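Single-structure report; data block below.
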Amino acid sequence: MIATVADIVKKAIENCKKAGDIKTEELPDIVIEKPKRDEFGDFATNAAMLLASKEEKPPRQIAELIAREIRRPSSHVKKVDVAGPGFINIFMEDGYWFGFLKDVHGLKQRYGTADIGAGAKIQIEFVSANPTGPLHIGHGRGAAVGDSLANILKATGFDVTKEYYVNDAGRQVRILGESVRRRYDEEFGGKKAPFPEDFYKGDYVKEVARDYWKKYSNTPQAVSTITFQEFACKAMLERIKKDLKDFGVEFDNWFSEKKELRDNGLVMTAINELEKKGFIFSEDDAQWFRTMQFGDDKNRVLSKADGELTYFASDVAYHREKMKRGFSTIVNVWGADHHGYEARVRASLKAFGYDDNVLKIIFIQLVTLLRNSVPVPMGKREGEFVTLRQVIDEVGKDACRFFFLMRKSDTHLEFDLELAKKQAPENPVFYVQYAYARICSIIKHAKEKGISLPKTEHINIKLLSLKEELDIIKKLALFPDIVKGSAIAMEPHRITFYLQELAALFHPYYNKNRVVTEDIQITNARLYLCEAVKIVMENGLKLLGISTPEEM
RNA sequence: GCGCCUGUAGCUCAGUGGAUAGAGCAUCAGCCUCCGGAGCUGAGGGUCAGAGGUUCAAAUCCUCUCAGGCGCGCCA
């Protein structure tokens with residue numbers, strides 16, 4: 001939408017040049033925007049003000065010249081004003097907006113999709129929680145953002161791969177295995193083994209120990225065929241997968257650190273390559289990577305004095321591997337507490353000769369859960385942290401996802417559990433879904449009266465002449481730009497805001513005006529509008545991974 | 001101490017250099033013979049943390065200060 005208006009403005013400026021009214025060769029980056037106030041038109045541009053200094057003429061004078069050219073072709077343009085310091089305000093004819101309404105009906109599920117990605121391969125890695133415990137609320141936010149972003153990127157023409165990186169090698173999973181073994185010995189072996197401070201103490205450890213017992217207690221010789229570590233890791237991953245599935249998140253690829261990096265020697269391959277390039281040195285019996293050469297503020301250890309590889313060593317190999325798989329963009333969704341890692345990961349990409357601009361990192365800030373306006377204690381101490389599972393069970397998948405997507409990722413989020421459950425308009429999830437359900441109800445009501453959804457050619461679109469109706473149509477017209485902007489900025493929350501605004505236009509319209517009336521022409525036109533709102537809400541909610549209940 | 005993020009209405013937050021800074025909630029005042037009142041209408045509420053600077057134009061960009069969060073390991 002904005003793009004077509006930009007064309008109109010650019011063409012007008014070209015015409016001014018031909019007429020000799022404007023001499024500047026290089027066009028500045030003009031901005032077309034939707035003004036906040038109705039009296040400033042449907043669109044406004046600052047073109048004249050940007051040209052003013054080069055042209056050495058007052059901005060308003062230039063604006064008048066351009067405005068005259070915009071008026072000339074009259075392609076859907078109703079009126080052009082020059083206002084304020086030199087803005088050109090453009091008012092569109094109603095017919096222009098009705099075109100979008102027809103688009104919605106014509107394109108249906110595809111309304112709002114685009115092809116800005118042009119099939120480019122993009123990988124988005126998210127959640128990637130260690131399989132040493134259940135997913136907590138922070139992982140949930142990352143899951144919602146990552147999954148929704150994947151939907152948005154797919155809708156805008158990218159070839160998206162969703163990936164979960166499984167840290168199934170290293171110290172943490174070893175400790176998990178040991179933790180499970182001690183609980184097992186304690187409960188079934190009658191042995192009281194010491195349980196160190198840094199072991200995993202959650203109840204899930206005991207549950208996994210019991211699962212192990214159920215499976216292998218009758219075949220003692222089999223106990224040796226699978227280690228506690230392997231079993232525990234697998235069991236935890238199953239739980240994580242189940243939680244994610246119930247949250248509506250499914251991955252294309254589960255990338256195992258152990259199998260796909262360690263066991264086949266890719267970590268060593270990566271280190272050797274860095275060594276050949278001269279980026280490795282030894283000090284204090286450890287092997288270091290000169291990340292400082294690439295903008296990091298410290299050099300980093302890859303191989304420790306005890307011979308064990310660091311987590312970072314795997315990460316270096318992993319990101320090298322991502323690049324080898326041919327993605328034009330790789331997105332990492334990380335907890336904000338990992339921001340200190342950014343510089344070293346970028347350094348590793350650069351060291352291998354890649355442009356680190358292919359890497360986009362999205363940081364997910366903390367979530368504070370509130371119950372009756374009081375924060376729920378969230379320390380990672382045993383039993384205190386709230387799992388994603390608990391929240392899904394309490395407020396439901398839809399409310400949970402919606403709340404996670406209500407804020408920009410890198411700002412703190414307050415999640416009010418009571419509000420999320422409430423079946424009342426102050427709950428934004430409810431408010432949005434209710435608008436959808438309400439439309440379904442209207443359509444059903446119409447059907448019961450023998451009125452089915454009208455076809456485009458049977459609509460007298462001029463009957464949608466109320467200001468509220470035009471406002472809704474303009475909002476619908478905006479949707480494709482919102483989706484595009486959300487994809488480019490990688491900000492799913494823009495969709496959430498948009499849907500709230502759309503619902504906020506629909507509810508009052510409904511309240512004031514009857515859709516199904518004795519006048520069949522008006523009824524048809526309004527049903528047509530309602531159906532369009534329904535389609536856009538469905539498309540938007542689908543991008544967020546939130547369901548569209550026809551009844552509530 | 002250094003680095004990153006944040007600071008906008010009572011609260012939670014939007015706001016790709018543009019005009020008189022917005023929304024929801026909360027508060028207050030109203031509205032139910034009617035397609036779902038599970039809703040709607042209206043009002044009040046702001047030194048955009050502060051100070052400089054760049055610009056025709058700054059909540060937005062730059063510098064400094066203050067406040068909060070996070071990170072600064074041969075942990076993950």
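Computed from a prediction, not measured in an experiment: that's the story for all the values here. Quick note on labels: first sequence line is chain A, next is B, and so on, each numbered from 1. All values below were derived from every heavy atom in this structure, side-chain atoms included, with hydrogens, water molecules and symmetry-related copies excluded.
Rounded to a whole Å, the CD1 atom of A:I495 is 16 Å from the C1' atom of B:rG15. A straight line from NZ of A:K57 to P of B:rC56 spans 19 Å, rounded to a whole angstrom. Remark: C1' of B:rC40 and CD of A:E468 are 12 Å apart, rounded to the nearest angstrom. Here B:rC34 presents its C1' atom at 16 Å from NZ of A:K512, a figure rounded to the nearest Å. Protein atom CG of A:N513 is 14 Å distant from nucleotide atom C1' of B:rU41, rounded to whole Å. For the pair A:F404 CZ and B:rU12 P, the computed distance is 18 Å after rounding to whole Å. Between the CD atom of A:E33 and the P atom of B:rA57 there is a distance of 18 Å, given to the nearest Å. A:I361 has its CD1 atom 16 Å from the P atom of B:rG71, to the nearest Å.
Counting only Watson-Crick or G-U wobble pairs whose defining distances are both under 3.5 Å, the stems of 3 or more consecutive pairs in RNA chain B are B:1-7 with B:66-72, B:10-13 with B:22-25, B:27-31 with B:39-43, B:49-53 with B:61-65.
Contact between A:T523 and A:I451 at its shortest, heavy atoms only, is CG2-CD1, 4.0 Å. Across every non-hydrogen atom of A:Q229 and A:D168, the tightest pair is NE2-O, 4.4 Å.
In this model, a donor atom of one side chain and an acceptor atom of the other lie less than 3.5 Å apart for A:Y200 and A:Q172. For A:S314 and A:E257, the side-chain atoms include at least one donor-acceptor pair closer than 3.5 Å. Counted by atom type alone, A:Y509 and A:E469 present one or more donor-acceptor pairs between their side chains at under 3.5 Å. Side-chain contact, A:R438 with A:H507: a donor N or O sits under 3.5 Å from an acceptor N or O. No side-chain donor from either of A:N332 and A:H338 sits under 3.5 Å from a side-chain acceptor of the other. Side chains of A:T24 and A:E55: a donor on one and an acceptor on the other come within 3.5 Å.
Taking atom P in both B:rC5 and B:rG39, the straight-line distance is 40 Å, to the nearest Å. For B:rG22 and B:rG1, the P atoms lie 40 Å apart once the distance is rounded to whole Å. B:rC13 and B:rA21 have their C1' atoms separated by 14 Å, with the value rounded to a whole Å. Using atom C1' as the reference point in both B:rC75 and B:rA51, the two lie 42 Å apart (nearest Å). Going from the P atom of B:rC4 to that of B:rU47 covers 30 Å, rounded to whole Å. Using C1' as the reference atom, B:rU60 and B:rG69 are 22 Å apart when rounded to the nearest Å. Annotation: B:rU6 and B:rG50 have their C1' atoms spaced 16 Å apart (nearest Å). Straight-line distance between the P atoms of B:rA9 and B:rG3: roughly 28 Å, to the nearest whole Å.
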Protein-to-nucleotide contact annotation, 5' to 3' order, nucleotides 4-11 of chain B [B base; S sugar-phosphate only; - none; under 4.0 Å, heavy atom]: BSS-----
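Counting non-hydrogen atoms under 4.0 angstrom, A:H338 reaches a base of the nucleic acid. Within 4.0 Å of A:D481, counting heavy atoms only, lies no atom of the nucleic acid at all. Heavy atoms of A:M552 sit under 4.0 angstrom from at least one base atom. Nucleic acid contact class of A:L413 (heavy atoms, under 4.0 Å, all strands): sugar-phosphate only. Within the 4.0 angstrom heavy-atom criterion, base atoms lie near A:A44. Base engagement by A:A83 is indicated by at least one non-hydrogen atom pair under 4.0 Å involving a base atom. Note on A:L50: a base of the nucleic acid sits closer than 4.0 angstrom, heavy atoms only. Among the atoms of the strands shown, base atoms are found under 4.0 Å from some heavy atom of A:Q423. Residue contacts for A:D416: at a heavy-atom cut-off of 4.0 Å it reaches no nucleic acid atom on any strand shown. Looking at heavy-atom distances under 4.0 Å, A:Q433 makes no contact with the nucleic acid at all.
Comparing atom distances between the A:E491 side chain and each of B:rG15, B:rA19, B:rC74 picks out B:rG15 as nearest. Among the nucleotides B:rC40, B:rC35, B:rG39, the one closest to the side chain of A:R438 is B:rG39. Nearest nucleotide to the A:Y510 side chain, out of B:rC40, B:rC72, B:rC35: B:rC35. Across B:rG39, B:rC70, B:rA14, the shortest atom-to-atom separation from the side chain of A:D337 is found for B:rC70. Checking B:rA19, B:rG39, B:rC40 against the side-chain heavy atoms of A:F430 singles out B:rG39 as nearest. Of the candidate nucleotides B:rA14, B:rC35, B:rA19, B:rA19 has the atom nearest to the side chain of A:P35. With distances taken from any side-chain atom of A:M49 to the nucleotides B:rG18, B:rG73, B:rA19, the minimum falls on B:rG18.
The side chain of A:K298 places no N or O atom within less than 4.0 Å of a non-bridging phosphate oxygen (OP1 or OP2) of B:rG3.
Under the 6.0 Å cut-off for aromatic ring centres, A:F255 and A:Y164 do not qualify, their centroids lying 6.0 Å or more apart. Aromatic rings of A:F404 and A:F415 (six-membered ring for Trp) have centroids within the 6.0 Å cut-off, being under it.
Counting heavy atoms from C-beta outward, A:K475 and A:L502 have side chains that approach closer than 4.5 Å. With contacts defined as side-chain heavy-atom distances shorter than 4.5 Å, the pair A:Y498/A:V483 does not qualify. Proximity of A:D42 to A:V5: side-chain heavy atoms (C-beta onward) are nowhere separated by under 4.5 Å.
Annotation: cation-pi pair A:K79/A:F91 present, NZ/CZ under 6.0 Å from the ring centroid and within 45° of its normal.
Judged by distance alone, with hydrogens and angles left aside, A:N46 brings a side-chain donor or acceptor within reach of the base of B:rG18, the pair sitting under 3.5 Å.
Positionally, the nearest nucleotide of RNA chain B for A:A424 lies more toward the 5' end than for the other of A:A424 and A:F312.
Residue side chain A:F87 meets the stacking definition with respect to B:rA19: its ring centre sits within less than 5.5 angstrom of the base's six-membered ring centre, and the planes differ by less than 30 degrees.
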Restricting to nitrogen or oxygen on both sides, can you table the protein-nucleotides 21-24 of chain B pairs closer than 3.5 Å?
none

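Salt bridge annotation for A:D284-A:K304: absent, with no cationic side-chain nitrogen under 4.0 angstrom from a carboxylate oxygen.
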